[in-house]
2 protein chains.
Amino acid sequence: MNSQTKENYLKSIYFLSKKNKEISLTELSDLMNVSKPTANNMIKKLTLIGWVSYEKYKPILLTDKGEKEASLIVRKHRLSEIFLSKIMGFGWEEVHDIAEDMEHLKSEKLFDRMNELLGFPKVDPHGSPIPNKSGEIYEESYINFSKIEHGNNVRLCALENSSKELLVYLNNKNIRLGTELFIKHIEPFDNSVVVNYDGYKSVTLSYEVIKNFLVEKI
Amino acid sequence: MNSQTKENYLKSIYFLSKKNKEISLTELSDLMNVSKPTANNMIKKLTLIGWVSYEKYKPILLTDKGEKEASLIVRKHRLSEIFLSKIMGFGWEEVHDIAEDMEHLKSEKLFDRMNELLGFPKVDPHGSPIPNKSGEIYEESYINFSKIEHGNNVRLCALENSSKELLVYLNNKNIRLGTELFIKHIEPFDNSVVVNYDGYKSVTLSYEVIKNFLVEKI
DNA sequence: TATATAAGTTAGACTAATCTAACAAATAGA
DNA sequence: TCTATTTGTTAGATTAGTCTAACTTATATA
Ligand SMILES: [Mn+2]
Ligand SMILES: [Mn+2]
Ligand SMILES: [Mn+2]
Ligand SMILES: [Mn+2]
């Protein structure tokens with residue numbers, strides 16, 4: 001069996017390679033909070049497993065096998081999150097840390113059962129898609145909120161890079177997935193937006209916040 | 001943080017010391033399936049943590065601190081089992097292996113939430129008591145079925161040493177916790193018993209089976 | 001193009017968890 | 001009480017995962 005440590009490296013490589021096919025050792029060591037020799041050493045091991053391909057001084061590449069394996073870990077992570085949220089009543093800001101641990105649980109049946117109990121959910125509590133058992137993932141093509149012009153009505157569907165701080169902020173503002181926002185005004189100076197939603201009128205949201213909103217027009 | 005490995009040693013020591021205050025290295029290495037030097041080496045580390053006290057060639061003793069820590073792991077194990085059974089629909093024969101993994105999850109909140117959702121259960125799916133958050137455990141004083149005389153009516157309340165094989169056997173016989181058994185006859189030759197229960201008449205159960213039954217008279 | 005800086009590698013060390021081989025202490029039984 | 005057997009210890013090795021220090025290769029820029 002592969003260790004939690006290796007699974008965590010694989011997941012980091014997976015997310016890095018979503019942004020950029022080619023990954024540097026430095027990026028990896030930074031993300032994993034380890035020294036470069038440690039990352040280097042680990043990459044050699046992951047190459048032996050067949051999860052990445054690597055040659056000295058060249059960039060790290062995730063193999064198909066590695067990608068599939070990583071998706072299955074992400075599947076377990078996101079199923080855990082939605083389970084914690086829907087069945088166990090945790091807030092969307094609480095689930096990530098717990099899921100970080102649960103994703104390494106080795107019982108297939110446990111996650112199948114979660115999936116069933118949840119009615120085969122498509123997304124986690126932050127709107128990210130849950131890969132299927134084959135490791136395939138279907139991304140909805142949402143629009144980044146910062147690309148939308150004023151006068152439009154949109155529905156918040158997902159967040160990218162959903163940090164606990166952002167989630168707590170949104171809780172305080174009573175904004176959640178599904179919330180419909182009307183864009184009254186966009187301030188050109190700092191790209192902040194003024195929106196109406198639910199009972200709230202003329203709420204200002206900074207660019208720092210809304211750049212993380214993935215929405216659909218309604 | 002203490003590793004899963006150390007937690008598993010601690011749990012083994014805890015169960016061994018339930019039977020016998022003093023534990024030998026050989027017992028421990030046997031139960032853990034490791035060599036004696038490995039167990040010896042680990043015991044030195046657990047002594048440093050303060051979970052056991054040990055002097056060369058003397059028996060291993062669990063400290064109060066070790067006992068408490070162990071109880072809290074058992075608490076997480078048993079809460080997981082009853083959660084898997086009651087909330088997730090797993091059979092009592094399926095839950096142990098999954099819980100063996102879940103007991104090492106580090107989120108306190110997760111287990112508190114399980115506890116709440118389950119309505120503060122007293123026992124796991126095999127009738128074993130769940131220690132409280134302080135590590136205290138209240139054992140019911142059930143009677144071993146083999147001590148009961150014929151002509152009596154009893155209720156199955158718990159199992160000791162509930163192996164998967166036994167649980168599957170009981171599933172096939174439709175015997176579960178709460179099942180009321182009437183003892184028609186005890187065969188002196190092999191200590192097997194003939195019982196009536198639910199729709200079943202004159203079912204023979206071997207001593208191998210019934211020696212694991214903890215019951216109360218009704 | 002030369003060289004300063006960034007990126008990556010090697011070497012050597014450490015802790016955790018494990019093993020086998022060899023030895024020592026304790027104990028049981030003759 | 002003596003000795004054979006069981007129990008426990010030491011020594012030395014291995015693999016996983018990590019580090020720092022020193023070095024090499026690649027790259028960027030003057
Ligand atoms: Mn997450
Ligand atoms: Mn993880
Ligand atoms: Mn169990
Ligand atoms: Mn365990």
Side-chain angles (χ1 to χ4, degrees), chain A residues 1-14 16-17 19-63 66 69-70 73 100-101 103-106, chain B residues 1-14 16-17 19-62 66 69-70 73 100-101 103-104 106:
Chain A
M1 223 2 31
N2 288 301
S3 67
Q4 284 194 202
T5 307
K6 290 205 181 73
E7 289 189 350
N8 284 335
Y9 275 92
L10 178 61
K11 213 159 49 107
S12 287
I13 293 166
Y14 175 82
L16 285 172
S17 66
K19 295 193 190 137
N20 206 323
K21 275 270 161 285
E22 307 196 330
I23 304 157
S24 71
L25 261 171
T26 305
E27 285 174 288
L28 181 59
S29 72
D30 282 356
L31 189 56
M32 290 299 295
N33 280 299
V34 295
S35 68
K36 284 191 266 203
T38 297
N40 185 278
N41 175 64
M42 184 54 75
I43 280 300
K44 289 174 186 168
K45 292 179 184 174
L46 301 188
T47 304
L48 290 180
I49 299 175
W51 283 348
V52 301
S53 66
Y54 187 66
E55 285 167 88
K56 260 193 191 182
Y57 299 108
K58 297 269 161 59
I60 301 160
L61 289 169
L62 189 59
T63 63
E69 198 64 30
I73 300 166
E100 208 55 57
D101 231 10
E103 73 192 3
H104 306 290
L105 256 16
K106 38 189 193 327
Chain B
M1 229 350 42
N2 288 300
S3 66
Q4 285 194 201
T5 305
K6 290 205 181 73
E7 289 189 350
N8 285 335
Y9 276 91
L10 178 61
K11 212 159 49 106
S12 288
I13 292 165
Y14 175 82
L16 285 173
S17 67
K19 295 191 190 139
N20 205 325
K21 275 270 160 287
E22 307 197 330
I23 304 157
S24 71
L25 261 171
T26 306
E27 286 175 287
L28 180 60
S29 72
D30 282 357
L31 189 57
M32 289 300 294
N33 279 300
V34 296
S35 69
K36 283 190 269 204
T38 297
N40 185 280
N41 175 65
M42 184 55 74
I43 280 300
K44 289 173 185 167
K45 291 179 185 175
L46 300 188
T47 304
L48 290 181
I49 298 175
W51 284 348
V52 302
S53 65
Y54 187 65
E55 285 168 87
K56 261 195 192 181
Y57 299 107
K58 297 269 161 58
I60 301 159
L61 289 169
L62 189 59
E69 197 64 31
I73 300 166
E100 208 54 57
D101 231 9
E103 73 193 5
H104 306 290
K106 37 189 195 326

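To find a chain, count down the sequence lines: A is the first, B the second, and so on, and within it residues start at 1.
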For a quick test of reading the model, state the closest non-hydrogen atom pair linking Trp51(A) to Glu69(A) and the distance between them. CZ2-CG, 3.4 Å
Which atom names give the shortest non-hydrogen contact between Met32(A) and Asn8(A), and what distance separates them? SD-O, 3.8 Å
Under-4.0 Å side-chain N/O to phosphate OP1/OP2 contact, Tyr9(A) with dT18(D): yes
Which nucleotide sits closest to the side chain of Pro37(A): dG8(D), dA11(C), dT10(D)? dA11(C)
With the side chain of Met42(B) defined as its heavy atoms from C-beta on, choose the nearest nucleotide among dA17(C), dG8(D), dA11(C). dA17(C)
Distance in angstrom units between Glu27(A) CD and dA6(C) P, rounded: 16 Å
side-chain hydrogen bond (donor to acceptor under 3.5 Å, both in side chains) partners of Ser17(B), counting only residues at least two apart: none
Between Lys36(B) (NZ) and dA11(D) (P), how many Å, whole number? 19 Å
Here the distance between atom C1' of dA16(D) and atom CD of Gln4(A), to the nearest Å, is 14 Å
Mind calculating the distance between CG (Asn41(B)) and P (dG8(D)) to the nearest angstrom? 15 Å
Return the value, rounded to whole Å, for the distance between atom CE of Met32(B) and atom C1' of dA17(C). 11 Å
Contact under 4.0 Å: Lys6(A) side-chain N or O vs dG17(D) OP1/OP2: yes
Separation of Asn2(B) atom CG from dA16(C) atom P, in whole Å? 11 Å
Kindly point out which of dT18(D), dG8(C), dA17(C) is positioned nearest to the side chain of Val34(A)? dT18(D)
Looking only at the side chain of Lys44(A) (C-beta and beyond, no hydrogens), which of the listed nucleotides dA17(C), dG8(D), dT10(C) gets closest? dT10(C)
So do Gln4(B) and Gln4(A) actually touch side chain to side chain, heavy atoms under 4.5 Å? yes
Need one value for Thr38(A): base, sugar-phosphate or nothing, where a base atom within 4.0 Å counts as base even if backbone is also close, heavy atoms only. base
Taking only N and O in the side chain of Ser35(A), is any of them less than 4.0 Å away from OP1 or OP2 of dC19(D)? yes
So which atom in Leu62(A) and which in Ile13(A) form the shortest heavy-atom distance, rounded to 0.1 Å? CD1-CG2, 3.9 Å
Would you kindly compare Leu25(B) and Ser3(A) by the position of their nearest DNA chain D nucleotide and give the one closer to the 5′ end? Leu25(B)
Rounded to whole angstrom units, what separation is found between the CD atom of Glu7(B) and the C1' atom of dA16(C)? 15 Å
Per the under-4.0 Å heavy-atom filter, residues of residues 47-59 of chain A near DNA chain D come out as Tyr57(A)
Distance-minimising heavy-atom pair for Thr63(A) and Gly66(A): OG1-N, 2.9 Å
Rounded to the nearest angstrom, tell me the gap between atom CD in Glu22(B) and atom P in dT27(C). 11 Å
Walking DNA chain D from its 5' end, the first of Lys45(A) and Asn33(A) to be reached, judged by nearest nucleotide, is Lys45(A)
dG8(C) phosphate, OP1 or OP2, under 4.0 Å from Thr26(A) side-chain N/O: yes
With side chains defined as the heavy atoms from C-beta onward, is the minimum distance between Ile60(A) and Glu22(A) less than 4.5 Å? no
Please walk me through it: do Ile23(B) and Tyr54(B) pass side-chain contact (heavy atoms from CB on, under 4.5 Å)? CA-CA 10 Å; Ile23(B) 304 157; Tyr54(B) 187 65; over 6 Å; no
